[in-house]
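Here's the structure we're looking at; comments come further down.
As the structure lists them, so they are numbered: ligands from 1, and atoms in each ligand from 1. This chain uses plain numbering: 1 for the first residue, then up along the sequence.
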Amino acid sequence: MSSGTGAAAIPIQRSPWDSDPAELERIRQDFPILQRQVHGKPLVYLDNAATTQKPQSVIDAISRYYSLDNANVHRGVHYLSQAATEAYDTVRQKTGRFLNARFPSEVIFTRGTTDGINLVAQSYGRRLVPGDEILITEMEHHSNIIPWQLVAQQTGAVLRAAPMTDSGEIDLKEFEQLLGKQTRFVSLVHLSNALGTVNPVKEMIGLAHERGIPVLIDGAQSVPHLGVDVQDLDCDFLVFSGHKLYGPTGVGVLYGKESLLEKMPPYQGGGGMIDTVSIERSTWAPVPQKFEAGTPMIAEVIGLGAALDYVHALGLPSIAAWEHQLLTYATQELQQIPGLTLVGSASERASVLSFVLEGIHPHDVGTVLDQAGIAIRAGHHCAQPTMQHFRVSGTARASFGLYNTMLEVDELAAAVRGVAEMFI
Ligand code: PMP
């Protein structure tokens, strides 16, 4: 991968389980669900872009918390509350190190990517005035479109989208031209969940910063599949979801530069986010508490911490390298199937393979594969503008995780070939 992707912070190398299949088998044993059958067939789980499976260590961390340590954080003097607070804050530090944030306080726990983008849109976005522009791209997930549409409706700001080419790459010249005098904010997907495109976000952030415009990176897919260094990217905000990183649902992270977070108004009000309260007015706690109103998702944050430990122990460079090999092999195999067209052929792609079979609805592909125990996704992948660009209503999508095998790719290719032959 080139340095423009931001992924280059983690050099691609061979994964240890590449040359040692027994190591991959050991890793698979960490994920209890991978041992189960679906429709009487061993599960082949290729829907990792939607959500990843959880290792036993994550399941155990959540169960241990509820069995032994359950208490509310931040408000108690008793032993359990202090233990829960410490466990919760430790994950903040761990997440900061994982992203290479300057300070742990730059990590805000959210419900997920969607929640993080809504937080920035409704807090930072409140300063927008009629005529201001927000720039996104044509390949965004709906969660990086709708929050900006809402804030545009509320403030009179205008939402613009940088177009992509037919290979599924952002046209950088057009992107630069759209960075105008009125542009006040840029929000970009790093790794497209619908196409697998890895955008050159570091370069795009640089272009925006030359004009003094802050940038949010949607790292829902890039954080688990490429790894991200927020200081290297120099992004102003970055969001991701725990459940796509082998962690639990219901928890995610918003990274924000301290200088920006400090100036932003709260997103939600309630307990835990205040300094003083009177009926007339209140003052706010410092960041990150200012953005964490109410009882947070304590068990989920602790589960996220276990997921970070798991991923860290394997190493994101190894994970990225293995998924790269799976993707390369799958691309090569699927391309040979008559009537199959890949949707998205960017020069830099990761973990996601989208395709259509001529004359066959993607849902039919998904349903037939399901009968073989193969879980893929079919539909618009919450990226309807991307589908509109390619003039399809949806695609079939296989997406890889650290535990997938080359044999599973063979099974995918054989099953897709079977569908193609069945309908021809
Ligand atoms: N952005 C991208 C690129 C995604 O893939 C997803 C999840 N499919 C999201 C945003 C939204 O994530 P969540 O539903 O976990 O909030």
- Pairs flagged by side-chain hydrogen bond (donor to acceptor under 3.5 Å, both in side chains) wherever residues 366-375 is involved - sequence neighbours left out: H39-D370

- Message: Around atom CZ of R417, are there more than 12 heavy atoms from other residues, nucleotides or ligands closer than 6.0 Å?
- Response: yes

- Close-contact set for ligand 1 against S241 heavy atoms, below 4.0 Å: 12 (O), 13 (P), 15 (O), 16 (O)

- Does an N or O from D115, backbone or side chain, lie closer than 3.5 Å to an N or O of ligand 1? no

- Please confirm whether F109 and Y88 have ring centers closer than 6.0 angstrom. yes

- Against heavy atoms of V189, which atoms of ligand 1 measure under 4.0 Å? 3 (C)

- Task: Decide if atom CZ of R377 counts as having more than 12 heavy atoms of other residues, nucleotides or ligands within a radius under 6.0 Å.
- Result: no

Less than 3.5 Å apart, which donor and acceptor atoms pair up between the side chains of residues 171-181 and the rest of the protein, not counting sequence neighbours?
residue, atom, partner, partner atom, Å
D171, OD1, K173, N, 3.2
D171, OD1, E174, N, 3.2
E176, OE2, R211, NH2, 3.1

- Query: Between Y246 and Y310, does the ring centre distance come in under 6.0 Å?
  - Reply: no

- Query: What is the nearest protein non-hydrogen atom to atom 1 (N) of ligand 1, stated with its residue, atom name and distance?
  - Reply: D218 OD2, 2.6 Å

- Message: Is H142 close enough to touch ligand 1? Criterion: a residue heavy atom under 4.0 Å from a ligand atom.
- Response: no

- In ligand 1, which numbered atoms sit nearer than 4.0 Å to a non-hydrogen atom of S143? 1 (N), 9 (C), 10 (C), 11 (C)

- Item | atom 12 (O) of ligand 1: the protein heavy-atom neighbour that sits closest, reported with distance to 0.1 Å | T113 CB, 3.5 Å

- A378 and H363 have their tightest heavy-atom pair at O-NE2, 3.3 Å

- Query: Quick one: does K244 get a heavy atom under 4.0 Å from ligand 1?
  - Reply: yes

- Query: Quick one: which ligand 1 atoms are inside 4.0 Å of a heavy atom on H243?
  - Reply: 15 (O)

- Query: What protein heavy atom sits nearest atom 16 (O) of ligand 1, and how far away is it?
  - Reply: T114 OG1, 2.6 Å

- Query: Which atoms of ligand 1 are found less than 4.0 Å from any heavy atom of Q221?
  - Reply: 3 (C), 4 (C), 5 (O)

- Message: I'd like to know whether CD of Q29 has more than 12 heavy-atom contacts from other residues, nucleotides or ligands below 6.0 angstrom.
- Response: yes

